[in-house]
Amino acid sequence: MDESRPEVMLADVVEASRAVAATHSRTAKTQALADLLTRCTPEEVGTVVSHLSGVLPQRRLGVGFRSLRDLPEAAQTPTLTVLEVDAAFERLASAHGTGSTASRRSELRTLMSRATSAEQQFLRDLMTGNLRQGALDGVVLAAISTAYAIPAATVRRAAMLAGTAAEVATLAATGGHRALEEVALVVGRPVRPMLAASAKTTGEAAESMGGGGLIVDGKLDGIRVQVHRRGGEVSVYTRSLDEITDRVPEVVEAVAALPGGDLVVDGEAIVLRGDGRPEPFQVTGARTASSADLAGLQARMPLTTFLFDVLHVGGRDLLDESARVRHEVLLDLAPHLLVPRLLTDDRAAAEQFFADLVAAGHEGVVVKDADSPYAAGRRGSGWIKVKPVHTLDLVVLAVEWGSGRRVGSLSNIHLGARDPATGGFTMVGKTFKGMTDEVLAWQTKRFTELAVDGTDGWVVPVKPEQVVEIAIDGVQRSSRYPGGVALRFARVLRYRDDKTAADADTIDTVRGLL
DNA sequence: TTCCGACAGTGGGGTCGCAAT
DNA sequence: ATTGCGACCCCACTATCGGAA
């Protein structure tokens, strides 16, 4: 190690971030990040990688957009080192939840007053999760690959198994290529979960697979759980690798009762009604977000555990085995916990299974290539989800100015359903999704024309005349909107100039989807 | 040369815990 | 008691880069 190497300053990180944001080329971004990493000591590199990928090592600071509104006067010259920043974050994090808002505020002010103007902006963006430099986890992993001359595939796999880019960078800095190759699944350390791409129909999903057999799983509308059992001790992790063991005792019990030794399984926890049909997501969400009065929660909203994968069993890693093999292992291990599942190579049977599951109240299906491995942390084509889509014709009531690459465009639209009782419109949600650049340009012009008084602010009210066809996954109860209902995952399909506001769907139609 | 996988960005609704009001 | 804030569950979609075909 080079003892004379100068300490890495926050200003160096800010400069790298600026350079990254200044180019659209991913290779140039990667190189800029790699240049900085090579200047870091092994003690520094974890923090630097974490900050440059927009992640706080401390996870929760208790500092958000609001507490960062009024900043102290900026320092003239940069003096902060990255390790000093990390230490300050550490103090903020440990003061979180101890009731000492004043001490956190003072800690934050001290940090910010030592930062230059550019550093203040960077720290604020980092703390609010708004780095927007065009490089997060993926590009930073590529930079680790470049900086330490380690194949990208090795770096990515290590990240899947170790969980964070910071951990991977520290390993690379201390042990190089060999250390990353030795990263393995460790029972008790969560693995990045495999994600699913989406398709409109089961046929389309099957089309993009190898054709070597399908596993069709019910998609349950609960929360993802990755469960580890190590030496009899069970831990439960969410999709984002947060530990929720103490909030889901039913899951712990179900996995503790399985035969054999150590294991890692992947599944979904969900609250079912007495008749076996699923409760709406809001019920499972409320149940699993809460930790107070667990006994009461368990009595009122018991969780049911479903498993759809097994990554490790009794000393044997299964990540690289085919889904077919993992299915056999899971069937042996926990047949009573298996998610609703169909093994088939018949597309019509898959389509029928989808229809049956939707009729049973579930979200849809996930179609899986029976020959594919468990591609941790990736949204590859091995798994493809299929959900039914509802469409509504709604009226645009207002529009919000966009941010980032949408600055200068009217972006997020407020959606209203017709209320025949009053002759007016009831707001049921917003959306910014599904718009191409062309549509953004069109709607900016259109809604500027339709704008009514009070158009100086962030929200631009418009005459309720423009009809838009919206796709949604469903409707949920709302305490925010006056109609008592809100759209779930609304996105624009197209603007309809063949319809007037009088032809729009009514609030009763929307409520009927509950 | 074209195609396509992976990534980043742009935000959506709901719920809880906690501290301040 | 109520309210505001922060965190984190669920998430869809488009644009873009750069390697694969």
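A note on names: the letters A, B, ... follow the listed sequences, proteins ahead of strands, and every chain is numbered from 1.
Considering only the side chain of A:Arg224, C:dC10 comes nearest among B:dG11, C:dC9, C:dC10. If you check C:dC11, B:dT15, C:dC9 against the side chain of A:Ser240, the one that comes closest is C:dC9. Closest contact between the side chain of A:Ser290 and the listed nucleotides B:dC16, C:dC10, B:dT10 involves B:dC16. Closest approach to the A:Phe281 side chain among C:dC10, B:dC7, C:dA12 is made by C:dC10 (side chain taken as heavy atoms from C-beta onward). Picking from B:dT15, B:dT10, C:dC9 the nucleotide with the shortest atom distance to the side chain of A:Phe432 gives B:dT10.
Residues passing the salt bridge (charged side-chain N to carboxylate O under 4.0 Å, His left out) test with A:Arg105: none are found, sequence neighbours excluded. Under the salt bridge (charged side-chain N to carboxylate O under 4.0 Å, His left out) criterion, A:Asp437 pairs with A:Arg405, not counting sequence neighbours. For A:Gln121, the side-chain contact (heavy atoms from CB on, under 4.5 Å) criterion is met by A:Ser117, A:Arg124, not counting sequence neighbours. Taking A:Ser240 as the reference, A:Arg59, A:Thr238, A:Asp242 meet the side-chain contact (heavy atoms from CB on, under 4.5 Å) condition, with sequence neighbours excluded. Applying the side-chain contact (heavy atoms from CB on, under 4.5 Å) test to A:Asn130 and every residue at least two apart in sequence or in another chain returns A:Thr128, A:Arg132. Shown here are the salt bridge (charged side-chain N to carboxylate O under 4.0 Å, His left out) partners of A:Arg511, two or more places apart in sequence or in another chain: A:Asp508. With sequence neighbours left out, the side-chain contact (heavy atoms from CB on, under 4.5 Å) criterion links A:Pro464 to A:Val395, A:Leu397, A:Phe425.
For the pair A:Thr101 and B:dA20, the criterion of a side-chain N or O lying under 4.0 Å from OP1 or OP2 is met. For A:Arg491 and B:dG11, the shortest distance from a side-chain N or O to OP1 or OP2 is not below 4.0 Å. Checking the phosphate oxygens (OP1, OP2) of B:dG9, no side-chain nitrogen or oxygen of A:Lys433 falls inside 4.0 Å. Look at A:Asn412 and you won't find any side-chain N or O under 4.0 angstrom from OP1 or OP2 of B:dT10. One finds no side-chain N or O of A:Gln282 lying less than 4.0 angstrom from the OP1 or OP2 phosphate oxygen of B:dG13. At the phosphate of B:dG11, OP1 or OP2 sits under 4.0 Å from a side-chain N or O atom of A:Ser411. Note on A:Lys29: every side-chain N or O is 4.0 Å or more away from OP1 and OP2 of B:dC7.
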Inset, instruction - Produce a footprint string for nucleotides 16-21 of chain C: one letter per nucleotide, 5' end first; B if the base is under 4.0 Å from any protein heavy atom, S if only the sugar-phosphate is, - if neither. - result: BBS---

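Salt-bridge check for A:Arg239 with A:Asp266: failed, with every basic side-chain N at 4.0 Å or more from each acidic carboxylate O. Ion pairing between a basic and an acidic side chain is recognised when a charged N comes within 4.0 Å of a carboxylate O; A:Glu279 and A:Arg273 show no such pairing. A:Glu107 and A:Arg104 are not joined by a salt bridge, as no carboxylate oxygen comes within less than 4.0 angstrom of a charged side-chain nitrogen. At a threshold of 4.0 Å, the pair A:Glu469-A:Arg491 does not count as salt-bridged, since none of the basic side-chain nitrogens sits closer than that to a carboxylate oxygen.
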Table please: side-chain donor-acceptor pairs of residues 386-394 of chain A below 3.5 Å, with sequence neighbours left out.
from     : atom 1 : to       : atom 2 : distance (Å)
A:Lys387 : NZ     : A:Glu363 : OE2    : 3.4
A:Lys387 : NZ     : A:Asp473 : OD2    : 2.7
A:Asp393 : OD2    : A:Lys499 : NZ     : 2.8

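Using a 4.0 Å heavy-atom cutoff across all strands shown, A:Gly285 reaches no nucleic acid atom at all. If you check every strand for non-hydrogen atoms under 4.0 Å, A:Lys387 touches sugar and phosphate atoms only. A:Ala490 comes within 4.0 angstrom of nothing in the nucleic acid, heavy atoms only. Residue-level contact check: A:Val492 touches neither bases nor backbone, having no heavy atom under 4.0 Å from any strand. Looking at heavy-atom distances under 4.0 Å, A:Thr431 makes no contact with the nucleic acid at all. Within 4.0 Å of A:Ala292, counting heavy atoms only, lie sugar-phosphate atoms of the nucleic acid but no base atom.
Residues from residues 475-487 of chain A that place a heavy atom under 4.0 Å from any atom of DNA chain B, listed by number: A:Gln476, A:Arg477, A:Ser478, A:Arg480, A:Tyr481, A:Ala486, A:Leu487.
Residue order along DNA chain C, read from the 5' end via each residue's closest nucleotide, puts A:Val225 first among A:Val225 and A:Leu493.
The distance from atom CD1 of A:Ile223 to atom P of B:dC16 is 14 Å, rounded to the nearest whole Å. In this entry the distance linking CD of A:Glu279 with P of B:dT15 reads 13 Å, nearest Å.
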Write down the protein N/O and nucleotide N/O pairs, taken from nucleotides 3-7 of chain C, whose separation is under 3.5 Å; answer none if there are no such pairs.
from  : atom 1 : to      : atom 2 : distance (Å)
C:dC5 : OP1    : A:Arg66 : NE     : 3.0
C:dC5 : OP1    : A:Arg66 : NH1    : 2.8
C:dC5 : OP2    : A:Arg66 : NH1    : 3.4
C:dG6 : OP1    : A:Gly64 : N      : 3.0
C:dG6 : OP1    : A:Gly64 : O      : 3.4
C:dG6 : OP1    : A:Ser67 : N      : 3.1
C:dG6 : OP1    : A:Ser67 : OG     : 2.3
C:dG6 : OP2    : A:Arg66 : N      : 3.1
C:dA7 : OP1    : A:Leu61 : N      : 3.2
C:dA7 : OP1    : A:Gly62 : N      : 2.9

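Residue pairs satisfying the salt bridge (Lys or Arg N to Asp or Glu O under 4.0 Å) criterion with at least one member in residues 137-147 of chain A, sequence neighbours excluded, are listed as follows: A:Asp137-A:Arg192.
Across every strand in view, B:dC7 sits unpaired, with no contact that passes the Watson-Crick or G-U test at under 3.5 angstrom.
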